[in-house]
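One-based numbering along the sequence shown. These numbers come from a predicted model, not from an experiment.
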Amino acid sequence: MTTLYAIYGASGCGRSLMPVARQQLAREHDSSEIVFIDDALIEVASVNGHRAMNYQHFLNETADAKAVQIAIANSRVREKIAQRLEADGISLWSIQADNVILMDQAEIAAGTALSPFVTITSNIKIGKCFHANLYSYVEHDCVIGDFVTFAPGVKCNGNIHIHDHAYIGAGAMIKQGTPDQPLVIGAGAVVGMGAVVTKSVPAGATVVGNPARIMQPK
Ligand code: UDP
């Protein structure tokens, strides 16, 4: 049985996740090919030593099964592509770097990408297509929705709930909640880089600074 694996997106995010994808297959002693999919490509090309093609070309490839990691930082684009893959019967592929630390009872949905030096501690629930970039951590009892994105170095402490499509910027730290009163980052909220989040953030809001405050649209 042959599986064709792909990293969807051959820009910054995709090119950084391809080595993580290779580590994933090497750990599984799987010598299958991994290609890039990028819709900006007209012809089949080569990117960092891997074949690269648009989605239509990928669909035309012959394989018993296909699995795709959507390596695009924009979560709305990830969702759109995930829906298309699902409709085409292609599975979402989860990848993690060799040095990721996963503790007990972490329930993680399909399509996740855990970059080098990420730590996921115990009793955590994570939704579809989560991206945790370099050096981020998720502490105990967090609940993370679908299509959430962590830039590098996010410090997500215990008892925090992060809803769908939230984006947490590089080096942001979020104060821990409590079991009966988790700190909540609402759906689609954006936490600016380096923000120190001390209280819940409403859905759709952007917060910046220390302590983090809502940034009003100009
Ligand atoms: N892309 C694509 N199909 C889509 C939307 C985006 O192949 O429907 C590709 C796009 O051509 C680009 C990449 O995804 O190469 C996104 O790269 P970008 O630099 O915007 O962000 P990154 O997520 O890599 O940081």
Side-chain angles (χ1 to χ4, degrees), residues 2-28 30-61 63 65-100 108-118 120 126-136 138 144 146-154 164-171 190 193:
T2 59
T3 302
L4 180 61
Y5 292 92
I7 293 292
Y8 207 130
S11 191
C13 183
R15 283 180 287 111
S16 293
L17 283 173
M18 180 59 91
V20 174
R22 282 199 303 268
Q23 289 189 339
Q24 177 75 34
L25 287 194
R27 270 198 317 279
E28 294 169 352
D30 184 336
S31 56
S32 303
E33 182 184 7
I34 314 173
V35 300
F36 280 108
I37 303 171
D38 198 297
D39 295 307
L41 293 165
I42 296 159
E43 302 289 339
V44 178
S46 174
V47 174
N48 292 354
H50 292 262
R51 286 197 303 145
M53 59 193 74
N54 63 35
Y55 185 57
Q56 195 52 51
H57 277 118
F58 179 73
L59 288 178
N60 294 342
E61 289 280 320
K66 292 177 181 173
V68 175
Q69 159 60 223
I70 310 167
I72 295 176
N74 183 317
S75 70
R76 302 285 166 188
V77 176
R78 285 212 297 287
E79 182 173 34
K80 187 190 75 183
I81 291 174
Q83 285 166 351
R84 196 188 302 150
L85 292 171
E86 205 175 343
D88 292 333
I90 296 172
S91 34
L92 295 174
W93 183 31
S94 293
I95 59 171
Q96 67 181 66
D98 283 346
N99 67 0
V100 162
I108 305 179
T112 290
L114 305 179
S115 292
F117 303 100
V118 163
I120 309 286
I126 296 177
K128 263 192 222 173
C129 296
F130 174 54
H131 275 191
N133 217 316
L134 306 170
Y135 293 97
S136 291
V138 180
I144 294 181
D146 293 329
F147 306 104
V148 169
T149 311
F150 282 11
V154 169
D164 299 353
H165 289 287
Y167 178 89
I168 317 296
V190 174
M193 65 170 105

With sequence neighbours excluded, residues passing ring pair (Phe, Tyr, Trp, His ring centres under 6.0 Å) with His165: Phe147
A side-chain contact here means heavy atoms from C-beta on lying under 4.5 Å apart; do Leu134 and Pro116 qualify? yes
Say you draw a straight line from CG of Asn48 to OG of Ser16; how long is it, rounded to the nearest 0.5 Å? 9.5 Å
State, with a plain yes or no, whether a side-chain heavy atom of Ile81 is found less than 4.5 Å away from one of Ile37. no
Are the side chain of Gln69 and the backbone of Trp93 linked by a donor-acceptor contact shorter than 3.5 Å? yes
Can you name the ring pair (Phe, Tyr, Trp, His ring centres under 6.0 Å) partners of Phe58, sequence neighbours left out? none
Just one of Met53, His50, Glu61 clears the side-chain contact (heavy atoms from CB on, under 4.5 Å) bar with Val35, so which one? Met53
Sorted by chain and residue number, the side-chain hydrogen bond (donor to acceptor under 3.5 Å, both in side chains) partners of Arg15 (sequence neighbours excluded) come out as none
With a 3.5 Å cut-off and no angle check, do the side chains of Tyr8 and Asp39 form a donor-acceptor pair? yes
Measure the spacing between NZ of Lys128 and CD1 of Ile108 and express it to the nearest 0.5 Å. 15.5 Å
Sole candidate of Ile144, Thr112, Ile126 that passes side-chain contact (heavy atoms from CB on, under 4.5 Å) when paired with Ile120: Ile126
Could you tell me whether a side-chain N or O of Ser94 sits under 3.5 Å from a main-chain N or O of Gly111, the two making a donor and an acceptor? yes
Which residue, Val100, Leu25, Ile7, Ile34, forms the side-chain contact (heavy atoms from CB on, under 4.5 Å) with Ile95? Ile7
For Val118 and Asn133, work out which heavy atoms get closest and say how close. CG2-O, 3.4 Å
Rounded to the nearest 0.5 Å, what's the gap from CZ on Arg78 to SG on Cys13? Could you check? 7.0 Å
Where does the angle between the aromatic ring planes of Phe150 and Phe130 fall among parallel (under 30°), tilted (30 to 60°) and perpendicular (over 60°)? perpendicular
With rounding to the nearest 0.5 Å, note down the distance linking CZ in Arg22 to CG in Asp98. 11.5 Å
Could you grab the distance from atom CG of Leu114 to atom CG of Leu17, nearest 0.5 Å is fine? 9.5 Å
Distance alone, cut at 3.5 Å: any donor-acceptor contact between the side chains of Asn54 and His57? yes
Do Ile90 and Leu59 have side chains that get closer than 4.5 Å, going by heavy atoms? yes
